[in-house]
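Contents: one structure, followed by commentary.
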Amino acid sequence: MREASALTRQAEAFLAQHPGVSMMALGSGEHADSLDLSPLGVPVHYLPAERNLDLAMQYLALNQLAFGGIGVPRWVLSDLYLLPGAIGLLRCPARMVKPEVREQLGLADEDPTIGAAYFAAPSVTPGLFIGVSLLSFLPGTGAAAWVKVLTLNMLRAKRLRGVAQWDNPSVRVHARLGPLRLVGRVPGGHEYGERTFVYETDVSDGARVAEAMERRSSPAPTRRISVTDLPTLSGLLDRAEAGEVLHLVPPGQDAGHVLVREGAL
């Protein structure tokens with residue numbers, strides 16, 4: 001993702017508004033030299049997972065707390081997250097996170113903990129990353145969007161593909177980075193397959209991402225479709241898979257409807 005001064009200023013403002021929050025990354029020690037450890041001018045403390053087992057286990061516990069039955073298994077964390085890539089983390093004092101996190105981990109107020117985290121997997125297509133896991137326990141701060149933006153900059157991502165459900169509030173977080181082009185159905189299926197879709201976001205232009213983060217400009221939707229109207233939403237995916245250009249435009253969802261833009265932006 002190309003750095004833009006506006007996005008840098010926004011990142012600085014986010015950290016200034018939330019003292020105690022800092023950016024870290026956890027992954028195989030071998031990857032440290034391959035990453036931008038100053039994304040948007042924000043310093044990233046890189047922690048080799050081989051020597052930071054406690055932090056890896058904290059991430060695993062929080063991932064399973066966030067996602068329940070489809071939380072990441074331990075071997076997947078090791079083999080498919082940490083060995084080939086790196087997890088972006090926003091770390092903070094435990095007093096800043098939701099009470100259930102402190103209770104789950106047995107933390108005192110000033111103990112350091114993971115407040116938000118994002119993992120995007122590298123793909124065989126250069127510049128394309130696959131969004132796998134976004135979690136945040138810092139409500140009302142915008143941390144979910146910022147850990148995603150900073151991690152993608154750290155990875156030098158140009159394009160992002162991700163998986164979401166029409167009715168999931170996370171759609172609004174994903175749309176913070178700009179319009180979501182509909183790609184189609186999830187390869188191989190999904191636990192929530194009937195309400196799940198694949199989207200792609202162009203993150204190559206930092207100035208455009210900055211505009212989206214500020215909600216300064218957004219194309220008008222041509223349709224509003226209820227998140228429970230699965231036949232119509234399935235038809236959208238048929239059209240996307242056939243090559244038609246369709247987007248969910250920011251904020252992505254509104255009053256139980258997804259905001260669809262048909263045609264080029």
In terms of hydrophobic clusters joined by side-chain contacts under 4.5 Å, are Leu237 and Val245 together?
no

Angle between ring planes, Trp166 versus Phe197, binned at 30° and 60°: parallel, tilted or perpendicular?
parallel

Interatomic distance, Lys98 atom NZ to Ser136 atom OG [nearest 0.5 angstrom]
7.5 Å

Taking atom CG as the centre, does Asp109 end up with more than 12 heavy-atom neighbours from other residues, nucleotides or ligands that are less than 6.0 angstrom away?
yes

For the CG atom of Leu55 and the CE atom of Met24, what is their distance to the nearest 0.5 Å?
7.5 Å

For the side chain of Gln58 and the backbone of Ile114, is there at least one donor-acceptor N/O pair under 3.5 Å apart?
yes

One should read off an interatomic distance between Leu7 CG and Met213 CE, to the nearest 0.5 angstrom, of 7.0 Å

Do you know the tightest heavy-atom contact between Gln253 and Asp167?
NE2-C, 3.6 Å

Can you confirm whether the side chains of Asn63 and Ser133 place a donor and an acceptor under 3.5 Å from each other?
yes

Same cluster or not: Leu236 versus Val186, using hydrophobic residues (I, L, V, M, F, W, Y) connected whenever any side-chain heavy atoms lie under 4.5 Å apart?
no

side-chain hydrogen bond (donor to acceptor under 3.5 Å, both in side chains) assessment of Arg185 paired with Ser234
CA-CA 9 Å; Arg185 294 171 178 83; Ser234 179; 2.8 Å; yes

Please determine, by modelled atom types, if Ser34 and Arg156 share a side-chain donor-acceptor pair under 3.5 angstrom.
no

Should we say atom CZ of Arg74 is surrounded by more than 12 heavy atoms from elsewhere, each under 6.0 Å from it?
no

Arg223 side chain to Leu259 main-chain N or O, any donor-acceptor pair under 3.5 Å?
no

Non-hydrogen side-chain atoms of Trp146 and Met23 separated by less than 4.5 Å:
no

Leu47 and Met57: same hydrophobic cluster, using ILVMFWY side-chain contacts below 4.5 Å?
yes

When rounded to the nearest 0.5 Å, the distance separating CG of Leu107 from CZ of Arg95 is 13.0 Å

Consider only side-chain heavy atoms of I, L, V, M, F, W and Y, link residues closer than 4.5 Å, and tell whether Val171 and Leu233 are in one cluster.
yes

Going by distance alone, is a donor N or O of one side chain under 3.5 Å from an acceptor N or O of the other, for Asp229 and Thr232?
yes

Heavy-atom closest contact (Pro250 atom, Arg215 atom, distance)
CB-NH1, 3.7 Å

Within the distance-only criterion (no hydrogens, no angle test), does the side chain of Asp205 pair as donor or acceptor with the backbone N or O of Arg208 below 3.5 angstrom?
yes

Whether the side chain of Ser123 engages the backbone of Leu128 through a donor-acceptor N/O pair (distance < 3.5 Å, no angle test) should be reported.
yes

Does a salt bridge link Asp202 with Arg181, judged by any charged N lying under 4.0 Å from a carboxylate O?
no

For residues Ala66 and Phe137, report the shortest heavy-atom separation together with the two atoms involved.
CB-CZ, 3.9 Å

Rounded at 0.5 Å granularity, tell me how far CG in Leu155 sits from CG in Asp36.
9.5 Å

Report yes or no: does Asp111 contribute a side-chain atom to a donor-acceptor pair with the main-chain N or O of Ala108 at less than 3.5 Å?
yes

Are any side-chain N or O atoms of Glu50 and backbone N or O atoms of Gly29, one a donor and one an acceptor, separated by less than 3.5 Å?
yes

Of Val76, Leu26, Asn52, which meets side-chain contact (heavy atoms from CB on, under 4.5 Å) against Leu82?
Leu26

Indicate the atoms forming the closest heavy-atom contact of Gly85 with His31, along with that distance.
O-CD2, 3.4 Å

To the nearest 0.5 Å, tell me how far Gln165 CD sits from Glu194 CD.
9.0 Å

Would you say that Val132 contacts Tyr81 through its side chain, given a criterion of any heavy-atom pair below 4.5 Å between the two side chains?
yes

ILVMFWY cluster, Leu80 and Tyr59 together (side-chain gap under 4.5 Å):
yes

Within a radius of less than 6.0 Å around CD of Glu30, do more than 12 heavy atoms belonging to other residues, nucleotides or ligands occur?
no

